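Below, read A as the first sequence line, B as the second, and so on, with proteins coming before strands; counting in each chain starts at 1. This is a predicted model, so every value here is computed, not measured.
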Amino acid sequence: KAGVTQTPRYLIKTRGQQVTLSCSPISGHRSVSWYQQTPGQGLQFLFEYFSETQRNKGNFPGRFSGRQFSNSRSEMNVSTLELGDSALYLCASSSPGQGDANTGELFFGEGSRLTVL
Amino acid sequence: GEDVEQSLFLSVREGDSSVINCTYTDSSSTYLYWYKQEPGAGLQLLTYIFSNMDMKQDQRLTVLLNKKDKHLSLRIADTQTGDSAIYFCADRSGAGGSYIPTFGRGTSLIVHP
C-alpha cells in the first residue's frame, strides 16, 4: 500500500511569490490534514479536509488556503510569501470516521520543505 | 486538544533507558499519542493510549498516563542509536466536534555510544 506522497519535496521561493503544494493520501483515506513545522513553533495545524470540504481550520492567516479533490488528493496554497513561511509543510491522511472507536492515527508524508528568500 | 508541552532535548547513553515526558491541558482528551520523526522524514505513530488506561507496554516501549496530573510519559528501554529522533506527544479530544490532535513541540532524543 503506497504511503502519503507530497510534492515537491524541496522548493525555494522569494518574498511575494505564491506556492502550491500537493498531497496524495493513502488509498481509501478521505481525511487530509496539513501542518506547518518550524524549529521555533513545532508542529502547527493548518487545516483538514474531508470529502472535499474543509472540516477544521487552524489559526493561520487567509494567505494559507487549501482544497481537496474528488479523489481525495489535496493541495495547499500560500500567497504573498513571507520569510516566516519558510518551514516544512507536512500532509497527513487518516481513515474516515470520527468518534472514540477510531484511534485517529495520522499517516504523514515526508513533507515539502519551503525556503523563502 | 488545547496545549501540549514537552521538554525539547534529552541525551542518553546507548543501552540506558530514556524517559520522555509530556503534559497536556485538555481534560477531555480521549487518545494520547507518541509519534517519532526521523531526520528528513514525516512523523510516524509509535504508540497510543486510550484515556481510560494508565499503562501500555509494547516491546521496548512503555507508556504511562496519569490523568489526574495530565501527564504522559514514554519510556524506551535499552535505547539504541537508531532511536535518535524527535518524539512528539499529541492528544486528541472530541471537544467541539474536532478530532484534530494537538502536538507538542517535540523532544529531540540524542543517543550517544
Test log, rule side-chain contact (heavy atoms from CB on, under 4.5 Å), inputs A:Tyr35 and B:Phe103: CA-CA 10 Å; A:Tyr35 290 84; B:Phe103 287 84; 3.7 Å; yes
Roughly how far, to the nearest 0.5 Å, is CZ of B:Arg92 from CD of A:Glu105? 11.0 Å
Here the gap from A:Ser94 atom OG to B:Leu45 atom CG, rounded to the nearest 0.5 Å, amounts to 12.0 Å
Given heavy-atom pairs under 4.5 angstrom as the criterion, report whether the side chain, backbone, both or neither of A:Gln37 touches chain B. side chain
Engaged part of A:Arg9 at the chain B interface, taking heavy atoms whose separation is under 4.5 Å: side chain
So B:Gln37 and A:Leu88, side-chain contact (heavy atoms from CB on, under 4.5 Å) or not? Walk me through it. CA-CA 13 Å; B:Gln37 184 181 35; A:Leu88 180 67; 4.0 Å; yes
B:Phe50 with B:Val4, same ILVMFWY side-chain cluster at under 4.5 Å: yes
So for atom CZ, which belongs to A:Arg113, do other residues, nucleotides or ligands contribute more than 12 heavy atoms lying within a distance under 6.0 Å? no
Same cluster or not: are A:Tyr89 and A:Leu83 linked, directly or through other Ile, Leu, Val, Met, Phe, Trp or Tyr residues, by side-chain heavy atoms under 4.5 angstrom apart? yes
Is the number of heavy atoms from other residues, nucleotides or ligands under 6.0 Å of A:Phe47 CZ greater than 12? yes
Spatial distance of atom CD (A:Gln44) from atom OG1 (B:Thr102) [nearest 0.5 Å]: 11.0 Å
In the single-linkage hydrophobic clustering (I, L, V, M, F, W, Y; side-chain heavy atoms under 4.5 Å), do B:Tyr33 and B:Met53 co-cluster? yes
Go through the atoms of A:Phe107 and report whether side chain, backbone, both or neither lie under 4.5 Å from a heavy atom of chain B. neither
Answer with yes or no whether the hydrophobic clustering places A:Val78 together with A:Leu43; edges join I, L, V, M, F, W, Y residues whose side-chain heavy atoms lie under 4.5 Å apart. no
Using only atom types and a distance under 3.5 Å, with no angle test, would you say the side chain of B:Tyr35 pairs donor to acceptor with the backbone of A:Leu106? yes
With a 4.5 Å cut-off on side-chain heavy-atom distances among I, L, V, M, F, W and Y, is there a chain of contacts connecting B:Ile86 to B:Leu61? yes
